[in-house]
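A quick write-up on the structure given underneath.
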Amino acid sequence: GFGCGQRRIMLRAAKAALLRTPRRGVRGFSIEVNSVSRFISCKVASEEDAIKMDEIVVKGAISKLKNMEGFGGMRRLFCKEKLDYKILISFDGLENFQSYMASKQREQIIPILDEAEYLTTTGGWEFQNFVLDRFSGNVGMCATRALSIDDPTAH
């Protein structure tokens with residue numbers, strides 16, 4: 001177990017974390033926001049469950065999103081080795097992403113995710129937002145080559 005000193009340190013750290021004011025919005029970083037992506041991820045038990053997830057989530061959500069202002073597309077990523085399942089929904093510009101986050105389309109996607117939740121092995125979905133940039137040329141090719149050396153299934 002923990003000694004009294006360790007407990008006090010842990011309690012102080014927990015109290016400090018609870019009292020911190022959460023930050024919202026865009027912080028003062030120097031990375032320009034031209035495109036924003038919403039990652040929705042989970043793990044599944046099998047490739048068959050990933051296919052079922054595609055039927056429910058991808059087919060259900062794309063029809064709700066395709067006509068939204070600034071919608072940049074939807075991608076599905078699936079790792080056959082680790083059974084990671086991810087959906088990437090992208091928007092051109094921060095304003096379009098913020099509009100999506102407050103939209104009726106997003107509200108319509110939540111029940112679709114709820115319907116597919118039984119296929120997750122992680123007890124639900126994880127959400128994370130990213131600034132999305134696309135790089136091409138030799139830099140990207142070198143990175144792909146490096147990945148394929150480490151993991152031949154990476155390309």
Side-chain angles (χ1 to χ4, degrees), residues 13-14 17-18 20-155:
L18 288 172
R20 261 187 234 121
T21 305
R23 294 182 179 183
R24 297 191 182 270
V26 179
R27 298 181 188 120
F29 296 123
S30 60
I31 295 176
E32 190 175 342
V33 180
N34 294 315
S35 183
V36 180
S37 293
R38 178 101 166 141
F39 263 83
I40 305 167
S41 61
C42 68
K43 285 192 174 282
V44 293
S46 65
E47 188 170 343
E48 291 75 25
D49 284 354
I51 293 168
K52 291 176 190 173
M53 195 75 80
D54 285 348
E55 289 293 317
I56 297 169
V57 178
V58 175
K59 289 186 177 179
I62 194 74
S63 64
K64 311 255 185 274
L65 296 168
K66 66 182 178 183
N67 295 321
M68 282 195 76
E69 183 73 27
F71 176 61
M74 177 190 282
R75 294 183 180 197
R76 187 259 300 132
L77 302 135
F78 177 64
C79 177
K80 290 185 174 211
E81 179 185 358
K82 300 196 185 233
L83 301 174
D84 290 333
Y85 185 93
K86 299 179 187 302
I87 298 288
L88 169 81
I89 303 170
S90 62
F91 293 90
D92 299 326
L94 181 60
E95 297 79 21
N96 290 321
F97 174 73
Q98 289 171 330
S99 294
Y100 161 72
M101 291 301 287
S103 72
K104 67 177 172 115
Q105 288 90 337
R106 180 174 173 262
E107 303 258 333
Q108 293 169 345
I109 289 173
I110 292 170
I112 294 169
L113 295 173
D114 290 345
E115 178 185 344
E117 193 170 301
Y118 80 97
L119 293 165
T120 71
T121 61
T122 50
W125 298 94
E126 291 186 23
F127 301 87
Q128 193 170 5
N129 304 324
F130 289 89
V131 173
L132 179 66
D133 290 303
R134 183 179 302 236
F135 303 100
S136 61
N138 291 336
V139 173
M141 290 175 62
C142 290
T144 302
R145 230 183 342 268
L147 277 173
S148 64
I149 292 167
D150 290 343
D151 180 0
T153 66
H155 43 226

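This chain uses plain numbering: 1 for the first residue, then up along the sequence. Just so we're clear, the structure is a prediction, and the values are computed from it rather than from any experiment.
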Run the numbers on E126 and C42 for side-chain contact (heavy atoms from CB on, under 4.5 Å), then give the verdict.
CA-CA 6 Å; E126 291 186 23; C42 68; over 6 Å; no
Note: N96 and G70 closest approach over all heavy atoms is ND2-CA, 3.4 Å
Salt bridge (Lys or Arg N to Asp or Glu O under 4.0 Å) with E115: which residues, sequence neighbours excluded?
none
What pairs of donor and acceptor atoms, side-chain ones from residues 52-63 against any protein atom, are under 3.5 angstrom apart with sequence neighbours left out?
| unit_1 | atom_1 | unit_2 | atom_2 | d |
| --- | --- | --- | --- | --- |
| D54 | OD1 | R76 | NE | 2.9 |
| D54 | OD1 | Y85 | OH | 2.6 |
| D54 | OD2 | R76 | NE | 3.3 |
| D54 | OD2 | R76 | NH2 | 3.1 |
| E55 | OE1 | K59 | NZ | 3.3 |
| E55 | OE2 | K59 | NZ | 3.2 |
| S63 | OG | G60 | O | 3.4 |

Mind checking whether S103 and M68 have side chains closer than 4.5 Å, heavy atoms only?
yes
Exercise: identify the closest heavy-atom pair between S37 and L88
CB-CD1, 3.1 Å
Tell me, please, which residues at least two apart from N129 pass side chain to side chain donor-acceptor pair (under 3.5 Å).
R38
Smallest heavy-atom separation, S90 atom then L132 atom, equals CB-CD2, 3.9 Å
Contacts of E47 that satisfy side-chain contact (heavy atoms from CB on, under 4.5 Å) - sequence neighbours left out
F78, K80
Does the side chain of I89 come within less than 4.5 Å of I40's, by heavy atoms?
yes
Decide if the gap between the ring center of F130 and the ring center of F39 is smaller than 6.0 angstrom.
yes
Residue pairs involving residues 94-113 (criterion salt bridge (charged side-chain N to carboxylate O under 4.0 Å, His left out); sequence neighbours excluded):
none
What one should report as the nearest heavy-atom pair of Q105 and K64 is CG-O, 3.0 Å
Side-chain contact test, heavy atoms from C-beta onward, threshold under 4.5 Å: evaluate it for M74 versus I87 and give yes or no.
yes
Which pairs of donor and acceptor atoms, one on a side chain in residues 117-125, lie under 3.5 Å apart (sequence neighbours left out)?
| unit_1 | atom_1 | unit_2 | atom_2 | d |
| --- | --- | --- | --- | --- |
| T120 | OG1 | E117 | O | 2.9 |
| T120 | OG1 | G124 | N | 3.2 |
| T121 | OG1 | K43 | O | 3.3 |
| T122 | OG1 | G124 | O | 2.9 |
| W125 | NE1 | L113 | O | 3.0 |

If every non-hydrogen atom of F71 is compared with every non-hydrogen atom of K66, which pair is closest and at what distance?
CD2-CA, 3.7 Å
